[in-house]
Amino acid sequence: MEALLKVTDAVRSLRETKLSGLRPATEFFDFQRISRPADMNQATSRISYNTRYFSGNYMLIVGLLAIYAVIMNYMLLLSLMFLVGGFAAINKFAPEATQFGEHTITQKHLYTALFVIGIPMFWWAGPFGTFFGVLAGSALLILGHACLLEPGVESDYATIQDTV
């Protein structure tokens with residue numbers, strides 16, 4: 001129960017700090033402001049401004065792509081559920097050693113069995129390919145959006161606010 005409270009506190013603090021900067025979808029998908037940058041300097045300045053301005057939206061995109069990638073890789077999803085479920089079950093149902101016939105089974109034995117089965121299963125699921133696929137997909141989406149979207153009028157005032 002304590003672990004559940006920690007998770008909910010972490011999600012709440014993430015929502016308050018990072019996702020509070022979410023910009024409205026109408027601003028994020030403003031097709032009127034899409035244009036090709038004139039040169040590399042303009043592209044770099046657009047990327048610099050837009051990645052700061054839309055950081056909450058971009059973080060949401062990365063999170064959604066990661067969830068999608070894990071759901072679509074059934075073996076990875078199964079191995080993650082097996083490992084997390086195994087940890088939860090061992091902590092909940094086997095906090096102390098249990099006598100089974102002539103053998104005493106401790107939490108250490110259960111964790112060892114969980115790792116012996118779960119880690120090769122996880123490795124076989126290809127987590128690195130999934131990770132780099134999410135990384136490449138989000139980089140392509142984020143950099144493409146940040147480069148093509150012209151900064152709004154508020155970007156002209158951002159430099160004034162920084163100097164005051």
Worksheet entry | Ile47 reachable from Tyr49 in the ILVMFWY side-chain graph, under 4.5 Å edges | no

Worksheet item: Can you tell me how far the OG1 atom of Thr130 sits from the CG atom of Leu65, to the nearest 0.5 Å?
Response: 12.5 Å

Worksheet item: Just wondering, do Glu27 and Arg33 contact through their side chains at under 4.5 Å, heavy atoms?
Response: yes

Discussion item. Checking the side chain of Arg23 only, and the main-chain atoms of Asn57 only, is there a donor and an acceptor separated by less than 3.5 Å?
Written reply: no

Worksheet entry | Common cluster, Phe29/Val62, ILVMFWY with side-chain heavy-atom separation under 4.5 Å | yes

Discussion item. I'd like to know if the side chain of Gln99 reaches the main chain of Gly101, judged simply by a donor and an acceptor atom lying under 3.5 Å from each other, with no hydrogens or angles considered.
Written reply: yes

Worksheet entry | Beyond-backbone contact of Leu78 with Met121, side-chain heavy atoms, under 4.5 angstrom | yes

Discussion item. Applying a strict under-4.5 Å side-chain criterion to I, L, V, M, F, W and Y, I'd like to know whether Leu143 and Met40 cluster together.
Written reply: no

Fill in: Within-4.5 Å side-chain heavy-atom neighbours: Pro37 and Leu148
yes

Item to complete: Could you tell me the separation between the OG atom of Ser55 and the CG atom of Leu60, rounded to the nearest 0.5 Å?
Response: 11.5 Å

Discussion item. Hydrophobic cluster membership, with links at side-chain heavy-atom distances under 4.5 Å among I/L/V/M/F/W/Y: are Ile90 and Ile119 in one?
Written reply: yes

Worksheet item: Taking atom CZ of Phe28 and atom CG of Leu22, what is their separation to the nearest 0.5 Å?
Response: 9.5 Å

Response to the item:
Heavy-atom nearest pair, Asn50 first then Tyr58, reads O-CE1, 3.4 Å

Worksheet item: Nearest 0.5 Å, what's the CE-OG distance between Met59 and Ser138?
Response: 12.5 Å

Worksheet item: Any chain of hydrophobic side-chain contacts (each under 4.5 Å) joining Phe131 to Leu77?
Response: no

Worksheet item: CD1/Ile71 to CG/Leu76 distance, rounded to the nearest 0.5 angstrom?
Response: 11.0 Å

Worksheet item: Would a distance-only check, ignoring hydrogens and angles, find a side-chain to backbone donor-acceptor pair under 3.5 Å from Arg46 to Ala146?
Response: no

Worksheet item: Trp123 versus Phe128: any side-chain heavy-atom pair under 4.5 Å?
Response: yes

Worksheet item: Within a strict 4.5 Å, meaning less than it, do heavy atoms of the Phe132 and Leu135 side chains meet?
Response: yes

Worksheet item: Strictly by modelled atom types, are His109 and Thr106 linked by a side-chain donor-acceptor pair under 3.5 Å?
Response: yes

Worksheet item: So do Val134 and Val70 actually touch side chain to side chain, heavy atoms under 4.5 Å?
Response: no

Practice prompt. Ignoring hydrogens and angles, tell me if any N or O in the side chain of Ser48 forms a donor-acceptor pair with the backbone of Thr44 under 3.5 Å.
Written response: no

Discussion item. Determine whether a donor-acceptor pair (N or O, by modelled atom type, separation under 3.5 Å) exists between the side chain of Asn73 and the backbone of Ala69.
Written reply: no

Worksheet item: Between Phe115 and Phe122, does the ring centre distance come in under 6.0 Å?
Response: no

Practice prompt. State the CD-CD distance between Gln32 and Glu150, to the nearest 0.5 angstrom.
Written response: 10.5 Å

